[in-house]
K.L.:
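First the structure, which I've put down as structure tokens, then a few questions once you've had a look.
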Amino acid sequence: MKQDNKNYQLLNDYMSKGFTMKGITFNIYDDNQRKATIALFNMLQEIKKHDVTFVMDWMQSNINKHMYEYVLRLLALYGNQNVEKLLPPFIYKPHYFVNSETIAKAYRVKLNKGHINKQEADVYQIYKNNDHITYINTNYSSWNMPLDICDIEVNYFREDIALNSYYYGVHLAHPFWMSNEELDQINSRHAEHYHYKHQQLLARYLLEKEHLDTRNTSLNHQCVGDYYPFLSYENGLAFPSRSHFRNISNEYKVALISIDIALKEFISRRLIIMDNGTLIKITDDNYISLLSKLIRANLDGIKTAKMIRNVYGYGTYNYPMNQYNPAPSVLHHPETSLRDPVYWNIIESALKYFRDFTNTIEPFDISTYEMNELSITHNDFSVIATYFDYYQFNINKALYPLDSPSELSTVIAARQMRLNYMPFTLNFTVLSAIQQSVAVRLFLGPRCYYTTCFHNYYKFFELDSYIVKMEEGANILSWCPQTSSKFSFDDYYNLETIKEKENKFDIFKFPGNLVIPKGSEEGLNMTLFIIITQVNDSISNSFLYNKYNNQTSLEIDDKPLGFPFHRIAKNYVHNANNYRFYNISIYHKKRTINASGHFSPHLY
């Protein structure tokens, strides 16, 4: 790399000022660290292939390890180099995923070289699988607090290691520091993706709360009580707790209120005024892309993204926004943001702008998508049942230097209870008069009747969408999550079972263990929906054309993401040939407490 290179000079300047030092807490929302990260990323995109190994070794020795990891993940998505497959975030940085008391116990095991007094081991719930694996039972946050605390009974969902890793991937696919124009050049539908990923996250979160409603437990999404992360940084400082919000005004809150007023004004007038004075009309056809870009620019731009995290990350009393903080809030890291209920409120507030606009436009006519050439005639669903599964994962990187002999020879693991489900299959019999490709879409939503389901369109979670070839006569469509390409599975890293497994983990795909929301013992009533539509083969084959889209693409045709639940529909019928609503029940199988399993009562 030539020393007169602009990005090299920028990086060298930030390094000389200490912004890339090992030991500092990496925070991509810190201006100096963000600029240093971008300079490093841009520099690495320009290096020659024969210099890659040398530069990577230099980075590992001289650059903050979390900044280094962040840049490697960016290169894997955007760069020209072939980056070696990276470990999941929960393996690479356990401090961001595992309660601090577990990390403290792991250090005790390390210092005592694996020898722990039996009574202490029983109290601390430290066990040995064999001579090489020591595991520690690990609860979620607030496990020692009353269960009626806001949203605590779904903390296993918000804090799931795969879900938070996935949201890190969402951040990398839509970095707040990249402009809409830059991302437009990579994927012309990136704004629609940005909206849909967040809409689906919220839909799935709302479904997870359905089982609470059956027990008359409060479903308060606007949960703003005190929040305690139960996490600690490598420097020993705790992730700060967030206090309850009080009516204290400051310049940042006033600025956010002004942005909210302006966004509502744009939506009510159906008109966006650009910085250069250009007027763009919001229409029924372009509103998803335009509003996504508008909201992303105004609420997830460099300045406002920092502002929101400063206002909502700490609660009533904020930390100085432009000052380095060795212990920033959970909202300052994409891989920990979903842990705090307030972040889900932020997502919901952003999505409400879309719902407000769709309430002002004419519902779309679903009858135009009906097909007489085929008919869904029969269904056969196996029992769908959830349960909490034991999952052990390696946390050595919280304890040992990277790739040290001790890290490789002895494993200390955190053992959690994670939501999962028994294998199941959905079978549909379809009679077809044609031989051609069709698009199949499956959704899961709350219990509703066909006359009301489309009014709850934003609560439907897409199970899958895919292209299948129809033959004339009877066709059997069989679907199960394990055969879908839509989901990420992390069984490969589960040390609870020692067997040969294929690595299907993908940070850019929704976690497979969370496909189905927790059921109930008596059966939780839900709605399953299937729709089959014609597809233009030339269109369906035109999307996956570059590295970024191969890893992050969601579309299978030119219809809006989430179709037909992208907005309210009209002219729907209960007996359409090519779409159906089904009332289903999801059960929850309680498991007995085993000899080495002591977890919060709601995790059985």
K.L.:
When the ring planes of H66 and Y92 are compared, do they come out parallel, tilted or perpendicular, using 30° and 60° as the limits?
P.N.:
perpendicular
K.L.:
Under 4.5 Å between any side-chain heavy atoms of I347 and L338, yes or no?
P.N.:
yes
K.L.:
Run Y167 and H198 through ring-ring contact (aromatic ring centres under 6.0 Å, His included) and show every step you take.
P.N.:
CA-CA 9 Å; Y167 197 65; H198 286 90; 5.6 Å; yes
K.L.:
Would you say the side chain of I346 lies within less than 4.5 Å of the side chain of L299, judging by non-hydrogen atoms?
P.N.:
no
K.L.:
Is the distance between the ring centroids of F529 and F460 less than 6.0 Å?
P.N.:
no
K.L.:
Counting only heavy atoms not in Y492, do more than 12 fall under 6.0 Å of its OH?
P.N.:
no
K.L.:
Testing the 3.5 Å rule here: is there a donor-acceptor pair between the side chains of H171 and E335?
P.N.:
no
K.L.:
Distance to the ring centre below 6.0 angstrom and angle to the axis at most 45 degrees; does that hold for R158 and Y205?
P.N.:
no
K.L.:
Measure from NZ or CZ of R355 to the centre of the six-membered ring of Y458 and say whether it is under 6.0 Å with the direction within 45° of the ring axis.
P.N.:
yes
K.L.:
Using the side-chain hydrogen bond (donor to acceptor under 3.5 Å, both in side chains) criterion, which residues pair with H95? Sequence neighbours excluded.
P.N.:
none
K.L.:
Should we count NZ of K303 as having more than 12 external heavy atoms under 6.0 Å?
P.N.:
no
K.L.:
Evaluate ring-ring contact (aromatic ring centres under 6.0 Å, His included) for Y96 paired with Y168, printing each intermediate quantity in order.
P.N.:
CA-CA 12 Å; Y96 293 69; Y168 189 11; 9.0 Å; no
K.L.:
Find the distance between CZ (F563) and OH (Y196) and round it off to the nearest 0.5 Å.
P.N.:
11.5 Å
K.L.:
Mind checking the CD1-CG spacing from I516 to L463? Nearest 0.5 Å is all I need.
P.N.:
5.5 Å
K.L.:
Mind checking whether Y166 and F510 have ring centres under 6.0 Å apart?
P.N.:
yes
K.L.:
Take Y582 and F381 through the test ring-ring contact (aromatic ring centres under 6.0 Å, His included) and record every step on the way to the result.
P.N.:
CA-CA 10 Å; Y582 299 94; F381 305 153; 5.3 Å; yes
K.L.:
Taking ring pair (Phe, Tyr, Trp, His ring centres under 6.0 Å) as the criterion, tell me which of Y70, Y233, Y68 meets it with F26.
P.N.:
Y70
K.L.:
Do N494 side-chain atoms and Q392 backbone N/O form a donor-acceptor pair below 3.5 Å?
P.N.:
yes
K.L.:
Say whether, by atom type as modelled, one donor and one acceptor occur between the side chain of N503 and the main chain of F505 under 3.5 angstrom.
P.N.:
yes
K.L.:
Would you please say whether a donor-acceptor pair under 3.5 Å links the side chains of Y194 and D300?
P.N.:
yes
K.L.:
Working to the nearest 0.5 Å, report the span between OG of S485 and NZ of K509.
P.N.:
5.5 Å
K.L.:
Any carboxylate oxygen within less than 4.0 angstrom of a Lys/Arg side-chain nitrogen, looking at D491 and K504?
P.N.:
no
K.L.:
Within the structure provided, determine whether N420 and Y387 are in side-chain contact (heavy-atom separation under 4.5 Å).
P.N.:
yes
K.L.:
Using distance alone, with no hydrogens and no angle criterion, decide if Y314 and N325 have a side-chain donor and acceptor under 3.5 Å apart.
P.N.:
yes
K.L.:
Report the residues that fulfil side-chain hydrogen bond (donor to acceptor under 3.5 Å, both in side chains) with N99, sequence neighbours left out, ordered by chain and then residue number.
P.N.:
E101
K.L.:
With respect to E462, which candidate in K197, R204, K486 satisfies the salt bridge (Lys or Arg N to Asp or Glu O under 4.0 Å) definition?
P.N.:
K486
K.L.:
Tell me which one of Y391, Y127, Y124, F393 satisfies ring pair (Phe, Tyr, Trp, His ring centres under 6.0 Å) with Y135.
P.N.:
Y127
K.L.:
Step by step, work out the side chain to side chain donor-acceptor pair (under 3.5 Å) result for Q199 and Y457.
P.N.:
CA-CA 11 Å; Q199 187 273 322; Y457 68 95; over 6 Å; no
K.L.:
Is any side-chain N of the basic residue among K65 and E69 closer than 4.0 Å to the acidic one's carboxylate O?
P.N.:
no
K.L.:
Report yes or no: does N235 contribute a side-chain atom to a donor-acceptor pair with the main-chain N or O of P326 at less than 3.5 Å?
P.N.:
yes
K.L.:
Aromatic rings H193 and H174: how do their planes relate, parallel, tilted or perpendicular, breaks at 30° and 60°?
P.N.:
tilted
K.L.:
List the steps and the verdict of ring-ring contact (aromatic ring centres under 6.0 Å, His included) for F388 and H588.
P.N.:
CA-CA 9 Å; F388 283 103; H588 184 74; 5.5 Å; yes
K.L.:
Return yes if a side-chain donor-acceptor contact under 3.5 Å exists between Y353 and D260, otherwise no.
P.N.:
yes
K.L.:
Scan side-chain atoms only and decide if N180 and R296 contain a donor-acceptor pair under the 3.5 Å cut-off.
P.N.:
yes
